[in-house]
Amino acid sequence: MNHPATPPLKTADSSNVMEQFSRFEKIDASDDFIRKAVEEADLPALMAALAMITGDTSLISEDLKPPTPPMITAIAPQGGMSKEAQTKARRLAVAALIKYRDEPNAFEGKPPPALLDACVKYLIRGDLEEYRSLLEHELGVSQDLGSPGWTLDQIAPQTNFRVAVIGAGVSGIAAAHRLQQADLNFTVYEKNEEVGGVWWENRYPGCRLDTPNFAYSLSFAQKSDWPQQFSRQPEILGYLKEVAASAGMKRHIRFGCEVDAMRFDEQRGIWTLTVRDRTGEVSQEEFNAVITAVGILNRPSFADIPGLDTFQGRKVHSAAWANDVDLTGKRVALVGTGASAFQIGPSIAGEVGELKVFQRNPPWMLPTPTYHDDIPAGMQWLLKHVPYYGRWFRFWQFWIAVEGRLPLTEVEDDWNHPISVGRKNEALRQGCLEWLAKQYHDRPDLLEKMTPNYPPAGKRMLRDNGVWAAMLKKPNVELNTTGIERIVPEGIQTKDGVLHEFDVIIFATGFKASDFLAPMKVTGRKSKDLHQDCWAGDCRAYLGITIPGFPNLFMLGGPNTAVVINGSAIFSSECQIEYTMRAIRDLLASGHKALDCREDPYASYNVWVDAGNLKRAWGAARTTSWYKNQNGRASQTWPFGLLDYWNITAKFKPEDYEYLG
Ligand code: NAP
């Protein structure tokens with residue numbers, strides 16, 4: 001097909017969201033105060049930020065370069081810089097900050113590209129060119145590089161192109177921002193009464209991030225004043241509300257509205273959405289394209305435990321916590337030991353009368369001694385006063401995660417071990433076993449129960465700072481690994497026939513993760529039903545985004561896009577929305593009504609991804625987890641590096657699509 005030439009592009013204004021998140025306070029502190037603050041700094045990122053501001057490349061000289069030792073279980077403090085290098089770096093940093101305080105005007109103006117390169121090279125090992133566009137996007141020093149760079153008026157003037165976004169969680173917010181930048185007509189449907197998605201829904205005691213915060217944020221709204229490295233739920237929800245408010249996107253969002261169904265009309269190239277509002281009223285609404293941003297971890301699963309409805313006490317799911325759940329002095333069961341349970345248990349153990357934790361498989365724990373700590377005051381001060389320090393810190397964390405962790409999950413064909421899948425995976429296992437031995441040296445019974453018999457990264461690894469072990473050792477806490485037989489009116493009956501009586505059962509049993517887009521009914525070309533006729537319980541997509549037979553339907557957080565150990569889900573969502581914007585631009589420029597993914601790229605892409613997952617601990621391991629579907633296929637996980645996902649979504653290839661109408 002022919003693609004008519006498109007008019008030359010003007011860069012669209014990237015709204016003022018970036019600016020609002022890029023405000024820094026003037027330095028008026030004493031020399032002494034500055035010196036103390038620098039003592040508490042993360043140095044590699046600080047040196048890069050200061051070199052950018054001052055242009056002084058002696059701050060990032062070769063002898064100060066962080067060697068970044070390979071990360072097995074923990075990140076090396078200061079990127080592995082020697083004590084001498086740290087002392088020198090601190091001295092130079094203090095001098096640079098004093099100079100910047102005394103002569104702020106001397107350092108105005110945009111840093112030259114060569115300086116940016118030098119700073120990036122100072123932090124990373126490996127090939128800058130290979131990573132350049134990804135890293136610059138993530139860093140976003142002076143520009144929002146994910147901005148579409150076009151507006152509807154420039155590409156298809158006088159066209160009425162309406163887009164529906166389903167969900168106003170983190171990916172829906174990213175989508176709304178990009179659509180707004182391109183001046184497209186769009187509506188966001190959100191079933192809840194507020195933005196935030198999982199961060200609005202998950203309010204269980206102890207809920208917080210387990211991915212470093214600076215990396216877990218939107219590239220166009222990088223916040224510098226996170227109070228912790230792994231912030232609590234209210235902080236993250238507050239951030240998402242702030243982004244939505246500063247982007248002025250709330251007027252596009254229809255809260256309390258759930259999309260029950262959508263149907264594609266091939267003749268007209270139109271999707272009709274069946275929308276139910278909070279009063280139960282149902283309406284039909286038409287759009288040219290639909291972007292689903294409903295998340296993977298959205299529909300709670302109570303696990304198929306027999307007798308579930310017979311329990312006469314209070315049942316509560318981690319993802320649907322009710323404000324009136326009172327646990328004080330109660331007999332409480334906690335079912336599951338995944339990421340949610342790991343945060344709930346230690347938070348409630350001191351308050352309940354008795355806590356029994358029902359574990360099927362123990363999780364692997366990633367030692368993170370500072371997991372619950374505040375960011376030190378000095379570092380917080382620097383983040384607020386040194387322009388773009390937070391961005392360089394995000395960049396640094398991102399780089400460590402990208403390069404650091406994925407190799408630890410690799411299946412090596414010549415590695416023969418009953419548990420681990422490769423040499424590096426074994427090194428990770430040994431590191432984690434050491435941590436376990438330290439935690440439970442006084443309780444061999446708990447050590448045995450808490451030692452997994454599957455490879456690390458076979459399922460999600462959990463951050464641990466010792467609070468789980470401390471909880472299990474409390475006199476009012478018991479870890480039960482017998483297995484649940486059934487739920488009965490009084491409580492839980494285990495497989496050994498014992499009845500455990502409870503007032504409250506907390507189900508931290510996860511989500512129906514492989515039922516992508518459920519319970520929406522999605523009907524595409526030739527009246528094909530997505531769940532029944534196309535996926536049949538085995539969800540797939542091209543790039544995790546598009547599906548043959550479902551034109552102009554774009555998924556964020558779709559099949560095979562979740563990262564297990566190396567990076568944050570926000571990165572993938574941003575890749576997906578930026579790809580979607582390229583697709584929409586191409587469609588608008590072509591003058592066609594819709595584009596439909598071809599079968600060939602879809603099929604070969606999925607063969608490639610499946611083969612990749614089989615070479616990873618989570619694909620090879622014979623474990624159950626939300627990463628796999630009912631067929632045992634890893635339908636949720638992305639098996640390669642973030643750079644690979646960046647590269648395959650960086651360009652929209654028209655040849656992968658059939659153009660309709
Ligand atoms: P999950 O990881 O799926 O864990 C569910 C737990 O329930 C597992 O321990 C599972 O045991 C257990 N379980 C399921 N059915 C059971 C049964 N019939 N009897 C006994 N136990 C049963 O769910 P989650 O903890 O809610 O976490 C889901 C995902 O959400 C995480 O992997 C993470 O990506 C995300 N999350 C993130 C954060 C964060 O960033 N802070 C916090 C919470 C969750 P098996 O292991 O044996 O299957």
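For ligands, and for the atoms within them, numbers begin at 1 and follow the listed sequence. Below, each value reflects all heavy atoms present in this structure, side chains not excepted, and no hydrogens, waters or symmetry copies.
- At a 3.5 angstrom cut-off on N or O pairs, T211 does not count as close to ligand 1.
- Nearest protein heavy-atom neighbour of atom 40 (O) of ligand 1: D210 OD1, 2.8 Å.
- Between H317 and F511, the ring-plane angle classifies as perpendicular under the 30° and 60° cut-offs.
- Counting heavy atoms only, G510 comes closest to atom 1 (P) of ligand 1 of the residues G510, S231, P300, S625.
- R540 forms no cation-pi arrangement with Y605, by the criterion of a distance under 6.0 Å to the ring centre and an angle within 45° of the ring axis.
- The L209 neighbourhood of ligand 1 comprises atoms 40 (O), 41 (N), with distances under 4.0 Å to a heavy atom of that residue.
- When heavy-atom distances to ligand 1 are checked against a 4.0 Å cut-off, F302 has no atom that comes that close, whether in backbone or side chain.
- Side-chain polar atoms of N560 and R633 form a donor-acceptor pair below 3.5 angstrom.
- When each of W638, Y216, F398 is tested with F571 by the rule ring-ring contact (aromatic ring centres under 6.0 Å, His included), just one qualifies, namely F398.
- Looking at T337 against ligand 1, both its backbone and its side chain come within 4.0 Å, counting heavy atoms.
- Considering backbone and side-chain atoms together, A339 places an N or O closer than 3.5 Å to an N or O of ligand 1.
- Below 30°, between 30° and 60°, or above 60°: for F214 and F393 the angle between ring planes is above 60°, a perpendicular geometry.
- Proximity to I305 (heavy-atom distance under 4.0 Å) selects the following atoms of ligand 1: 18 (N).
- Annotation: N361 places an N or O atom under 3.5 Å from an N or O atom of ligand 1; distance criterion only.
- In summary, the side chains of E434 and Q430 do not present any donor paired with an acceptor at a separation below 3.5 Å, with no hydrogens or angles considered.
- The nearest heavy-atom contact from the protein to atom 4 (O) of ligand 1 is G338 CA, 3.7 Å.
- Remark: minimum distance from atom 12 (C) of ligand 1 to any protein heavy atom is reached at G336 CA, 3.6 Å.
- Atoms of ligand 1 found under 4.0 Å from any heavy atom of A303 (numbered from 1 in listed order, with element): 15 (N), 16 (C), 18 (N).
- Comparing heavy-atom distances from atom 42 (C) of ligand 1 across F230, Y204, W626, Y454 singles out Y204 as nearest.
- In this structure, the protein non-hydrogen atom closest to atom 20 (C) of ligand 1 is V335 CG1, 3.8 Å.
- Shortest contact from atom 46 (O) of ligand 1 to any protein heavy atom: K459 NZ, 2.6 Å.
- Against a heavy-atom cut-off of under 4.0 Å, Q343 is close to the following atoms of ligand 1: 41 (N), 42 (C).
- A donor-acceptor contact shorter than 3.5 Å is absent between the side chain of S318 and the backbone of G510.
- Residue contacts with ligand 1, taken as heavy atom pairs separated by less than 4.0 Å, do not involve F342 at all.
- Between the choices R463, R360, Q636, the shortest heavy-atom distance to atom 11 (O) of ligand 1 belongs to R360.
- Every N/O-N/O distance between S318 and ligand 1 stays at or above 3.5 Å.
- Of all atoms in ligand 1, numbered sequentially from 1 with element shown, those under 4.0 Å from a heavy atom of A508 are 5 (C), 6 (C), 7 (O).
- Annotation for T561 and Y645: closest pair CG2-OH, 3.6 Å, computed over non-hydrogen atoms.
- Between W468 and F342, a ring centre-to-centre spacing shorter than 6.0 Å is recorded.
- Counted by atom type alone, N192 and E194 present zero donor-acceptor pairs between their side chains at under 3.5 Å.
- Close to ligand 1: T509, with a non-hydrogen atom less than 4.0 angstrom away.
- Summarising the local packing, CD of E478 is surrounded by more than 12 heavy atoms from other residues, nucleotides or ligands at distances under 6.0 Å.
- Ring pair H417/W415 is parallel by interplanar angle, where below 30° counts as parallel and above 60° as perpendicular.
- Side-chain polar atoms of R394 and S217 form a donor-acceptor pair below 3.5 angstrom.
- At a cut-off of 3.5 Å, with distance as the only test, no side-chain donor of E235 or Q228 sits close to an acceptor on the other residue.
- Contacts between R208 and ligand 1, counted as non-hydrogen atom pairs separated by less than 4.0 Å, involve the backbone only.
- At least one N or O atom of S340, backbone or side chain, sits closer than 3.5 Å to an N or O atom of ligand 1.
- Within ligand 1, counting atoms from 1 as listed, the ones closer than 4.0 Å to a heavy atom of L297 are 29 (C), 30 (O), 34 (O), 35 (C).
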